[in-house]
Each structure stands twice: as structure tokens, then as C-alpha cells.
> 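There's a structure below that I have some questions on.
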Amino acid sequence: MTNREYTVFGPAGNSEMFYNAGYKKSADMPAFLKNVGLDWYEYPCGRGVNVGEATASSIGYNARKNGIKMSVHAPYFINFANPEEEKRINSKNYLESALNLAKVMGAERVVFHPGTCKKMDRGYAMGILLDYMKTLIPEIDNAGLGDITICPETMGKKNQLGNLKEILEICQLDERIIPTIDFGHLHARRRGSLNTEDDFARVLDAIEDSIGTYRARNIHIHFSQIEYGPSGEIRHLTFEDKKFGPYFENLVRQLVRRKMTAVVISESSGTMIRDALAMKKMYQNLL
Ligand SMILES: [Zn+2]
């Protein structure tokens, strides 16, 4: 699945640094990222897959030319725990549209938010979600999209499905599924649970215990500092924040010690490139 030797870094979407340099088009991102020294570009489709095929293939072409790997973030509207079948089918179509885009771009991974429990009991909602996703995986294979890795994400608000345990349960449906561990979300949903290197190590141990060393080393990571309140996530911050955390300093040594070949995506607010570079520098200083 991968032949990476090291953990790699990149931004989610086009950050301030890119626009301030005078660029506008996503097709210019891969060369920009290569020039600043990053490895990966996560293309955001949270509000829907609204990119034409010509644009998608030119982004993909430039990514290959510049040695930049890619992932796509699927639309936020996905909810595989919706009790209405019609809405679950709509969710499947959103995921498939992201997978099709990934195919055109040559992206390796598609990140998605699996669902929400609304007023249902969590276990009941997870039951709906898991049953539906079981039927979805062979459909993805039949559509010729099974070579793209789907990466369900840990979520920041308590009413969203996607605590660590729930995401690992989804990953147990198929050995090709890789979790997106959004450490900011995990920290926010428990109002600040990741404060030391040991706190991060416990999360990484739980992942390895559940899905094995290979996948645990290759996880997709979203990292940003996040403001939180009683129900979890409020908003994404930048690395300037010194109040909420979590702090990458507490994770980076674990990435090196465990010889991880993860993908780390910065989801800072506006400063994704700058903060991805800061993380990459901290990591390289330990190699
Ligand atoms: Zn996300």
C-alpha cells in the first residue's frame, strides 16, 4: 500500500501563504508545496465536489510532476447513521463522488466524517452505520474505486459519531480502511485530554492494539489546535494559540520512536502551510 520511509506533511486546502504569494488556482499548489518543502496536498471538498474534470486532472498532473501525494476530503454532509435509507444512499453518493475525484487526481486517500447520532442512542446509531458501511465496501470495489483508501475521521463534537473507539470499529470492517486521527478533535471532544507525550502514546497504542502495526504506522493525521467548550470543538486555531492545544511537540517524538510513516495534514485556520512546515521541521530535527 505504501513505500514511504518517513512521515510526510502537507496542508488541507490552499492557505494564506499561497494566496499572499499571488496564486489563485489549486493547480498551482503542487509546485508551490514542492518549493516550500512539503510532501502532500489534501484537496478540500467539504462543501461538495464542485471541481470539473479538466481542473481535477491538471491538479493531479501537477502533483505527479512535482512529487506531491494527495488526498481528498469528502463532503461534510455524509451521515451513514441516518435512519432513513434514502439519506444513507445520498451519503454513499457523496463518498463516491469524492472517490471518483480522487481517481481523476491520482489521490491515494479519501477522508470522510462518518455520521452523527442526533437523538439516537450511540450504540444504535453505530449499528446503522456499520451495517450500511458493510454493504458499501463491495459497492466501492465494484465501481473500480477500491484501490483508494477510505479514512474515517475522529470528530470534535460529542454528538458526532467518531470517538476513537467508534473510528477503530469502522476500520475493523475491512483491512484496507485507515483511520484519520484528528488529534485536535480528540482533545476537544474531551475538553483537553492530550496534554503530555504519554497521552498521545496511549492513543497510538490503542490504535495498534485494534488494527495492528502496519495500519497504525500508516495512519492519516489531522493536526491543529482547537478552541473547545462543553460540547467539544468550537473552532480551529493556529500554532500561535497557547491556551487550548494540543501541541505537536507532544506527538512528534512518538512518530519517530514508532518509525511511523503517517501522513500529517495541518488544518490550522489559514496558516496550514506555515504550520505544516513547522511540524515537518520539528520532526526532521529528531531524525
Ligand atoms: Zn474532517
Side-chain angles (χ1 to χ4, degrees), residues 8-15 26 29 40-51 69-82 90-92 94-99 101-102 105 107-117 129 133 148-171 177-190 194 203 207 218-228 231-238 244 246 248 251 262-273 275-276 279:
V8 294
F9 297 84
N14 309 347
S15 81
S26 296
M29 267 293 273
W40 198 283
Y41 178 29
E42 184 154 297
Y43 189 82
C45 291
R47 292 181 188 89
V49 177
N50 303 315
V51 47
K69 302 283 186 184
M70 288 191 70
S71 46
V72 169
H73 197 308
Y76 301 138
F77 328 119
I78 289 172
N79 180 8
F80 293 128
N82 198 303
N90 291 342
S91 292
K92 175 184 77 180
Y94 287 128
L95 183 64
E96 283 195 353
S97 67
L99 286 163
L101 176 66
M105 285 179 169
E108 290 177 21
R109 296 177 165 189
V110 166
V111 174
F112 68 101
H113 301 175
T116 160
C117 52
L129 186 149
M133 284 202 67
I148 298 156
T149 305
I150 59 170
C151 306
E153 178 178 346
T154 58
M155 300 305 300
K157 297 194 180 96
K158 287 180 183 162
N159 65 355
Q160 291 167 311
L161 294 170
N163 61 31
L164 181 61
K165 188 171 153 272
E166 288 159 350
I167 292 303
L168 294 173
E169 270 182 81
I170 298 172
C171 292
I177 303 177
I178 296 263
T180 298
I181 305 300
D182 187 316
F183 285 101
H185 284 165
L186 289 180
H187 184 68
R189 76 181 290 140
R190 296 181 61 199
L194 300 174
V203 173
I207 297 168
N218 282 296
I219 56 173
H220 204 72
I221 294 175
H222 280 176
F223 206 96
S224 62
Q225 292 166 211
I226 288 184
E227 183 181 342
Y228 52 83
S231 11
E233 172 182 7
I234 295 176
R235 65 191 175 102
H236 287 227
L237 305 167
T238 72
F244 289 95
F248 190 70
L251 169 63
V263 176
V264 179
I265 300 297
S266 168
E267 283 197 327
S268 286
S269 174
T271 56
M272 299 78 89
I273 293 180
D275 292 348
M279 290 191 282

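Counting starts at 1 for both ligands and their atoms, in listed order. For the single chain, residues carry numbers from 1 onward in sequence order.
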> Taking the Zn ion (ligand 1) as the reference point, name the nearest N/O/S atom of His113.
NE2
> After noting the C-alpha distance and the side-chain angles of Glu153 and His73, does the key distance pass the side chain to side chain donor-acceptor pair (under 3.5 Å) rule?
CA-CA 10 Å; Glu153 178 178 346; His73 197 308; 3.3 Å; yes
> Would His222 count as a contact for the Zn ion (ligand 1), in the sense that one of its N, O or S atoms lies under 2.8 Å from it?
no
> Run Lys92 and Met133 through side-chain contact (heavy atoms from CB on, under 4.5 Å) and show every step you take.
CA-CA 9 Å; Lys92 175 184 77 180; Met133 284 202 67; over 6 Å; no
> Taking N, O or S atoms only and a limit of 2.8 Å, check whether His185 reaches the Zn ion (ligand 1).
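Checking the Zn ion (ligand 1) against His185, no N, O or S atom falls under 2.8 Å.
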> Give the atom name of whichever N/O/S atom in Glu153 sits closest to the Zn ion (ligand 1).
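Restricting Glu153 to its N, O and S atoms, the minimum distance to the Zn ion (ligand 1) goes to OE1.
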> Would you call Ile170 and Phe80 a side-chain contact if the rule is heavy atoms closer than 4.5 Å?
no
> Taking it one step at a time, do Lys165 and Leu168 satisfy side-chain contact (heavy atoms from CB on, under 4.5 Å)?
CA-CA 5 Å; Lys165 188 171 153 272; Leu168 294 173; 5.9 Å; no
